[in-house]
Every structure is written in structure tokens, then in C-alpha cells.
Amino acid sequence: MTMTAILEDTAAVLAPVRQHPSPDDRPPAHITVRGLYKQFQGSVIYENFDIDIPRGKFVSIFGPNGCGKSTLINLISGLIPLDSGEVLFDGKTLAETRIGYVFQNYREALFPWMTAFDNIAYALKLRGVPKAEAHEKVRKLVAHLGVKIDLTIYPYMMSGGQQQLVSIMRALIVDPEVLFLDEPFSALDYEMTLFMREQLQRIFEETGTTMVLVSHDLEEAVYLADYVLLLTRRPGNIAAYPKVEITRPRNDATLANPDFVTLKSNCLEIFQREVRRS
Ligand SMILES: Nc1ncnc2c1ncn2[C@@H]1O[C@H](COP(=O)(O)OP(=O)(O)O)[C@@H](O)[C@H]1O
Ligand SMILES: [Mg+2]
């Protein structure tokens, strides 16, 4: 072995293991995050963090509690400021990009004094879209998505699932390039969660919008995703970023599909390794 080879070997051992920012098969990126740094009161959440989110794909983010999943999508979507680093959407800044965001807590997400219709149309109103045109846009979106819901009712008259559906439509009305969802179904009961997964999967297939979902439910994360972004403990890094090569639409049979089961258990192993790492 030459000295150069020995040095290179040593360097490889000493260098921190860094995953490529793109998922395993490296499709074209829609969102690129480079050199992200974020801390809260001295606690570093992200340090020199890079990630690519592929275009038109569904990415689920999964990782240990408090590792920075919500923080990551909040940073990318501009809800909280970066300390340093860069986020680009097709090379454009956030200000030049239309994004949608669906919050975890649907009870606080909708305006209680507005009907479902007015909640969905709100962003159009803000943009000064004339009433008739806004009406037509909402009608088209609802018809396109095949959502069966009475748009004249108020949030208090809706189930949790209906409120989240309205939240999703409200985010989609501006035809976003990217839709972010932070544990959107976590406050719903199991039956409604299963129903909403199907709705979201259908909406994803209908719109082809790039979607980034934070989930604390590994089965849900894998079931919905084209790629699962597994994060390490803080400071956050990519633990793995596997592709989910299972045809859509996915259904109950998917849950028993050997490829699904294997991938899910691999993800679980990585997750548990991260949780145990001190
Ligand atoms: N606004 C904030 N101020 C201070 N600490 C925060 C703030 N937001 C999040 N944190 C902390 O940052 C860490 C990551 O939070 P978060 O991204 O919400 O984690 P999760 O992966 O569970 O979504 C946690 O330790 C959390 O307490
Ligand atoms: Mg969170």
C-alpha cells in the first residue's frame, strides 16, 4: 500500500460519514438546501446540512422525537428564519415560489368564522382575485379532487378529517409548487387517518405537486412516500434516504407487500439505532 493510499484510507475513516443530499437514485431536485445552520438558544439543530427534495415526488420525513423534522420544513417554507445557508426552489428564492403548508393542529388552522368555501378561497381573496373567478376556482378544485363536502358549513360543524381536507384544499388553491404537511393526521382517530391517507395519496396523484410530509408514524411515512428521509438525532443529518419502489396507487395489500415490509423494517432499524445512539 502506498503512503497516499494509506492517507486516503485514514482520511476516509476519520471523515464523518456524510450521506449524499439526494436520495439513493438521485432524481432531479426541486428544492435544494445547502449549508443550513440553525440553533435555538445554543442548541444546534442543523449544522452544515444539505438536502435535495426531488421534483414531483412525495418525500416523507421521519426521525427521533425532537430531532428537527418540523424545524426543517418550517425553515424550508420560511415560517422560521435560517441562521445561515441557502434554500432554492428550482434555483428560485422562496419569495418567487408558491408554496402551501398544512398545519398539524387543524383546530387552529381554519378561520372559525368562515365557511369551508371562504376558508379555501381565502388566499385568492388576499390576492385580489374577483369573487366570481375565486368561486369558479374553488368549484373546479373541489370537483377535480372529487372531494365530497358541503362547502357552506363552518369548521365547528365539520369532523376533524373534514377540517383537514379543507386545510389541504386551502393550501392547494394557489396551485403551489410544493406542499408541506406537518403531521397533518396526528390529531385524527385511526379510521379517519386511514381515510385521509387515501385522500392525500389521490390528491398527490391528481396534482403531481412536490409534497413534503412530516410523520411520526413509520408505516404512514413509507406508505405515502416515493422517498423516506430518515433523520439522525441532533444536530440533524441524513441517516438514510431510500426510494420506495412500490407502485401506486397503494392500498391495504401494500401493507403486506414483502418490499414494503422489508423497507419499513430497514427504516425501523435505522431509526432505533439513532434513538439508542448517545
Ligand atoms: N421556536 C423554538 N424555540 C426553541 N426551541 C425550539 C423551537 N422550535 C423547536 N425547538 C426545539 O428544537 C428541537 C427540534 O424541534 P422540532 O423540529 O419541533 O422536532 P420534531 O422532529 O419533533 O418535529 C426540539 O428540541 C425543540 O424543543
Ligand atoms: Mg414536529
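Both ligands and their constituent atoms are indexed starting at 1 by order of listing.
Considering backbone and side-chain N/O atoms, G68 comes within less than 3.5 Å of an N/O atom of ligand 1.
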Under the side chain to side chain contact (heavy atoms under 4.5 Å, CB included) criterion, do Y46 and N48 qualify, and how do the steps go? CA-CA 7 Å; Y46 289 103; N48 201 14; over 6 Å; no
Chi angles and distances behind the side chain to side chain contact (heavy atoms under 4.5 Å, CB included) call for V102, L179: CA-CA 8 Å; V102 177; L179 181 64; 4.1 Å; yes
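Among protein heavy atoms, atom 1 (N) of ligand 1 sits closest to F40 CE2, 3.7 Å. The single protein non-hydrogen atom nearest to atom 16 (P) of ligand 1 is T71 OG1, 3.5 Å, given as residue, atom name and distance. With respect to atom 18 (O) of ligand 1, the closest heavy atom belonging to the protein is S70 CB, 3.7 Å.
Near R234, with a cut-off below 4.0 Å to any heavy atom, the atoms of ligand 1 are 13 (C), 24 (C), 25 (O). Close contacts between ligand 1 and G66 involve ligand atoms 13 (C), 14 (C), 19 (O), 20 (P), 21 (O), 22 (O), 24 (C), 25 (O) [criterion: under 4.0 Å to a heavy atom]. Atoms of ligand 1 lying under 4.0 Å from at least one heavy atom of I45, given by number and element, are 12 (O), 13 (C).
Counting only protein N, O or S atoms, 1 lie closer than 2.8 Å to the Mg ion (ligand 2).
With sequence neighbours left out, the ring-ring contact (aromatic ring centres under 6.0 Å, His included) criterion links F180 to no other residue.
Counting heavy-atom neighbours within 6.0 Å of K131 NZ, excluding the residue itself, gives a total of 12 or less. Residue-environment remark: CD (E205) exceeds the threshold of 12 foreign heavy atoms within 6.0 Å.
Using cut-offs of 30° and 60° on the angle between ring planes, the pair Y154 and Y156 is parallel.
Within 4.0 Å of atom 10 (N) of ligand 1, at least one protein heavy atom is present. For atom 4 (C) of ligand 1, a protein non-hydrogen atom is found at a distance below 4.0 Å.
Considering L213, I51, V214, V212 in turn, I51 is the only one that fulfils the side-chain contact (heavy atoms from CB on, under 4.5 Å) rule with L229.
Residues T71 and F40 have side chains in contact (heavy-atom distance under 4.5 Å, counting atoms from C-beta outward).
At distances below 3.5 Å, not a single donor-acceptor pair connects side-chain atoms of R234 with backbone N or O atoms of G68.
R276 forms no cation-pi arrangement with F271, by the criterion of a distance under 6.0 Å to the ring centre and an angle within 45° of the ring axis.
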